[in-house]
*Asks:* 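Once you've had a glance at the structure underneath, I'll fire off some questions.
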Amino acid sequence: MKNPFERDDIRYYALVNGEGQYSLWPTTNDVPDGWNVTYGPSDRQSCVTFIDDTWTDMRPQSLIDAMDSPAPSS
């Protein structure tokens with residue numbers, strides 16, 4: 001059986017979670033809890049391109065927020 005994440009003959013979604021992390025996801029599988037469809041359904045390459053163009057900061061949102069917060073005063 002072929003890996004469902006590497007097939008060119010099925011449709012995919014681009015998913016995003018609450019931390020702003022993206023995932024390629026086959027439409028043949030249920031979308032996991034905590035993830036939302038942000039693109040698709042489409043062919044694999046279109047979804048990969050969308051993710052590459054959109055997910056430019058690999059840090060999770062909680063880390064981005066923490067780094068943007070002022071340091072606590074002592």
*Asks:* Other than Leu63, what residues sit in its cluster of Ile, Leu, Val, Met, Phe, Trp and Tyr side chains whose heavy atoms are under 4.5 Å apart, directly or through others?
*Replies:*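 ILVMFWY cluster around Leu63 also holds Met67.
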*Asks:* Parallel under 30°, tilted from 30 to 60°, perpendicular over 60°: which one fits the rings of Trp55 and Tyr22?
*Replies:*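 Tilted.
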*Asks:* Find out if a path of hydrophobic residues (ILVMFWY) with successive side-chain heavy-atom gaps under 4.5 Å connects Ile10 to Trp35.
*Replies:*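 Hydrophobic grouping puts Ile10 apart from Trp35.
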*Asks:* Over all heavy atoms of both residues, which pair between Leu24 and Arg44 is shortest? Give the atoms and the distance, please.
*Replies:*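 Leu24 and Arg44 have their closest heavy atoms at CD2-NE, 3.9 Å.
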*Asks:* Counting heavy atoms not belonging to Asp30, are there more than 12 under 6.0 Å from its CG?
*Replies:* no
*Asks:* Is any side-chain heavy atom of Leu15 closer than 4.5 Å to one of Val37?
*Replies:* yes
*Asks:* What closest approach, in Å, do Ile51 and Ala14 show between heavy atoms, and which atom pair accounts for it?
*Replies:* CG1-CB, 3.8 Å
*Asks:* Where is the tightest heavy-atom contact between Asn3 and Arg7, given as atom of each residue plus distance?
*Replies:* O-CG, 3.3 Å
*Asks:* Test of understanding: with side chain to side chain contact (heavy atoms under 4.5 Å, CB included), list the residues that count as partners of Asp52, not counting sequence neighbours.
*Replies:*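 For Asp52, the residues satisfying side chain to side chain contact (heavy atoms under 4.5 Å, CB included) (neighbours in sequence not counted) are Val48.
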*Asks:* Counting N and O atoms only, with roles assigned by atom type, does the side chain of Glu19 sit under 3.5 Å from a partner on the main chain of Ser62, one being a donor and the other an acceptor?
*Replies:*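 At least one qualifying donor-acceptor pair exists.
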*Asks:* Indicate the atoms forming the closest heavy-atom contact of Ser46 with Asp43, along with that distance.
*Replies:* OG-OD1, 2.8 Å
*Asks:* Quick one: CG on Asn29 to OH on Tyr13, what's the gap to the nearest 0.5 Å?
*Replies:* 10.5 Å
*Asks:* Using the side chain to side chain contact (heavy atoms under 4.5 Å, CB included) rule, pick out the option among Pro41, Pro4, Pro26 that qualifies with Tyr12.
*Replies:* Pro26
